[in-house]
Amino acid sequence: MRTALDIMLNSAFPTFMAWGRDLTSFYNDAYVPILGDKPEALGRPFPDVWAEAWDVIGPIATRAMRGEASYFEDLPLTLTRRGHPEQTWFSFSYSPIRDEIGEVGGVLCTVHETTERVRAEAALRDSENKLAAILEQLPVGVGLADPQGNITLSNQLLQRYGLDKVPSRDPNQAERWRGYTPEGQRLSPSDYPSARALRGETAVPGNDFLITAPDGHEIWVRVSAAPFRNTPQEGLSAVFVVQDIDREKRTEQALRESEALLQAAVALVGLSPYTWNPVTGAVDWDARLKAMWGLPPDAHVDEQVFLSGIHPEDRPQVEAAIAQCIDPVGSGLYAIKHRVIGIGDGVERWVSTQGRTTFEHGRPVAFIGAALDITERTRAEAALRESEARFRQFADNSSNTLWILNFETMYLEYVSPAFEPVWGESREAVLIDPDRWSGFVHPDDRQRARGALERVKLGEISTEEFRIIRRDQVVRLIRNTFFPIRNAQGQIRRAGGIAQDITRNEGRFVYVVDGEETSRRDLAHILRDAGYRARVFSSGEAFLEAGPALAAGCVVLDVCRSGSGGLTVLRELKARCIGLPVVVLGDAKGDVSFAVQVMKAGAVDFLQVPYRSDQLLAALASAAASTLRANGQSQEADQARLRIAEMSEREREVLTGLLAGKTNKEIGRVIGISPRTVEAHRAHVMQRLGVQTLSQAVLIAASAGFVSPGIVANTP
């Protein structure tokens with residue numbers, strides 16, 4: 001005990017000794033501050049001295065008295081040392097002290113109070129937690145870098161960028177973090193904000209960086225940094241802030257692109273943006289807008305100048321539009337087209353302008369708009385309307401049918417009023433049904449009509465004659481000129497046509513030869529209802545007697561009735577050269593040879609009895625149209641023969657050579673003239689025939705019966 005006590009009393013470290021069964025207290029001077037203002041503890045039992053904490057330290061002392069040493073660090077104890085309980089912390093060890101016989105006689109306690117340190121560390125942790133909480137609430141990434149550039153503190157927003165070291169001190173990070181000056185120049189890593197801060201500079205507002213995030217996509221951020229030092233002895237650290245500006249940056253880029261596009265569009269279409277201050281009346285115009293008012297680029301403009309250039313007839317509506325756009329209860333929109341009389345040049349122009357007023361507290365404070373010179377467009381539209389009006393007037397009063405077909409939809413876009421009396425159908429019906437139009441064409445003529453449309457797609461103009469069958473079974477002959485309609489790019493997107501009804505009135509006569517009165521009367525009734533002029537004959541002899549004096553028309557011959565003359569009428573008509581087409585009605589009784597005999601005798605059609613009235617009308621219409629076509633071809637042949645007869649002997653020689661397929665050189669060698677002279681005669685031949693191609697010349701010459709017999713030297 002004496003040895004332990006001597007050691008304790010001479011120690012500068014707070015030491016307490018409890019001795020004997022009663023744990024009598026001994027302590028040195030260094031231990032006194034721990035007691036505080038407790039009563040004198042020397043010689044008192046240990047449990048009495050620290051009664052308020054004996055439930056904690058008592059078991060420890062008991063273990064020491066049993067020979068078990070203990071050590072505790074920052075053990076919390078609630079002590080009453082200054083008249084009130086206080087929370088304290090101690091680091092201490094309890095060691096057994098043995099007597100001269102080796103038994104445990106007491107406990108040696110070395111004590112160090114850590115209350116201030118524990119409280120300081122707790123305050124530090126609390127401060128750090130608050131700092132961390134604050135950092136996490138910040139909408140930016142925040143970090144602290146030590147003098148070597150290592151990041152020692154960061155919030156989660158900064159951690160998502162995957163930084164362990166500032167980019168200026170890490171070559172690998174510098175590849176991912178590419179900094180730029182405000183002018184867009186690439187920064188050197190030594191000029192990065194973190195590098196400048198570690199040199200003692202403040203980099204605010206910092207620089208923009210395009211970084212490649214860990215997931216591979218690129219983000220724009222703005223980095224700022226400042227130097228930081230805890231104590232004068234420490235090296236410089238850096239605190240830096242990373243702000244996500246990706247949306248802002250890309251919006252700026254989109255805005256620049258949009259502005260560039262807007263400027264390009266403005267320049268392309270000649271648009272002139274302008275402003276007007278409704279409060280002061282000040283206006284801002286560019287040179288293009290001033291030119292619309294006939295003013296030079298440096299001319300002064302204001303409200304009065306603007307209004308003075310408005311056409312007098314348009315000024316009331318312009319002033320009304322202005323009043324409406326500055327009315328707070330309105331939409332603030334200004335959109336109008338009006339005329340301007342040039343102040344300096346007196347030229348009349350059309351201007352289209354649109355804009356919007358800005359309001360504050362119910363008062364108009366600003367206006368921005370754009371103006372466009374639409375003079376040429378307005379004049380073109382007026383000319384187009386005038387042209388369309390003339391076309392409509394012409395089409396509405398033309399006896400021919402004018403039509404326009406859209407090749408993409410195959411719908412008719414326009415049909416003139418002349419269509420209805422010729423086709424016997426309303427225009428609306430064919431405009432809404434693309435198949436209705438082609439359905440009128442005679443089945444035998446449809447391929448020819450389709451071919452004409454196909455040639456139009458290739459840019460050709462062609463004229464075709466075809467038959468149409470109306471709903472009332474009346475057949476009419478149509479001559480149609482097909483032509484292409486090109487768009488502004490020269491592409492053929494539509495076809496136009498002019499359809500002329502060339503059905504001759506003479507073809508409306510029908511001569512009925514039938515020996516039975518009731519049958520004659522029924523036939524005449526059917527024909528007259530269909531619009532034909534019917535004349536009846538009770539016998540073939542009566543018809544043949546009147547034949548030479550009859551007008552052009554068709555014949556309906558019923559060979560079943562007595563007195564009709566049978567096939568004799570057909571043969572006599574052919575023998576007497578009376579060119580009336582005959583439709584024969586009869587009963588072949590299943591004998592095909594009878595129908596063949598009828599056709600060989602000169603009939604144009606044969607109808608088996610009984611027959612339907614629509615079959616009869618269709619046969620008559622077809623016969624009339626065939627006659628008209630034949631007459632037309634005969635007239636063309638007569639004209640061709642006349643043209644050839646008017647040629648000189650040399651021209652006919654050249655035509656003969658052309659029909660034989662000879663070249664100019666071959667023709668010249670045969671008839672003894674030069675190829676150049678042959679070319680001159682050839683041009684005259686083509687001109688006389690009214691053709692442009694050799695194939696057309698061959699067709700006309702053939703229709704005239706001019707056939708090349710072969711060329712003999714010096715012989716026409």
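Quick note: numbers below take in every heavy atom, side chains included, and nothing from hydrogens, waters or symmetry partners.
- Taking 4.5 Å as the limit, some side-chain heavy atom of Y192 sits within range of a side-chain heavy atom of P167.
- Between W276 and Y334, the gap from one ring centroid to the other reaches at least 6.0 Å.
- Salt-bridge annotation for D445 and R448: present, with a side-chain N of the basic residue lying under 4.0 Å from a carboxylate O of the acidic one.
- Ring geometry for W285 versus Y274: interplanar angle over 60°, hence perpendicular rather than tilted (30 to 60°).
- Counting heavy atoms from C-beta on, the side chains of E420 and R427 come closer than 4.5 Å.
- A salt bridge links E319 with R315; the closest basic N to acidic carboxylate O contact falls under 4.0 Å.
- Salt-bridge formation is not detected for the pair R196/D191: no Lys NZ or Arg NE/NH1/NH2 atom is positioned less than 4.0 Å from an Asp or Glu carboxylate oxygen.
- Scored by the salt bridge (Lys or Arg N to Asp or Glu O under 4.0 Å) test, K337 finds no partners at all (sequence neighbours excluded).
- With sequence neighbours excluded, the residues that form a salt bridge (Lys or Arg N to Asp or Glu O under 4.0 Å) with R494 are E413.
- In this structure, T212 and R178 have side chains that are in contact, with non-hydrogen atoms separated by less than 4.5 Å.
- The backbone N or O of I498 sits nowhere less than 3.5 Å from a side-chain atom of R479 that would complete a donor-acceptor pair.
- Salt bridge status for R222 with E248: present, with a side-chain N to carboxylate O gap under 4.0 Å.
- A salt bridge is defined here as a Lys NZ or Arg NE, NH1 or NH2 lying under 4.0 Å from an Asp or Glu carboxylate O, and R379 with E386 fails to meet this definition.
- Salt bridge R250/E218: absent, no basic N to carboxylate O contact under 4.0 Å.
- In the model, S168 has a side-chain atom that pairs as donor or acceptor with a side-chain atom of S194 under 3.5 Å.
- You'll find the ring centres of W293 and F306 inside the 6.0 Å limit.
- Note on K290 versus D286: no salt bridge recorded, every NZ/NE/NH1/NH2 to OD/OE distance being 4.0 Å or above.
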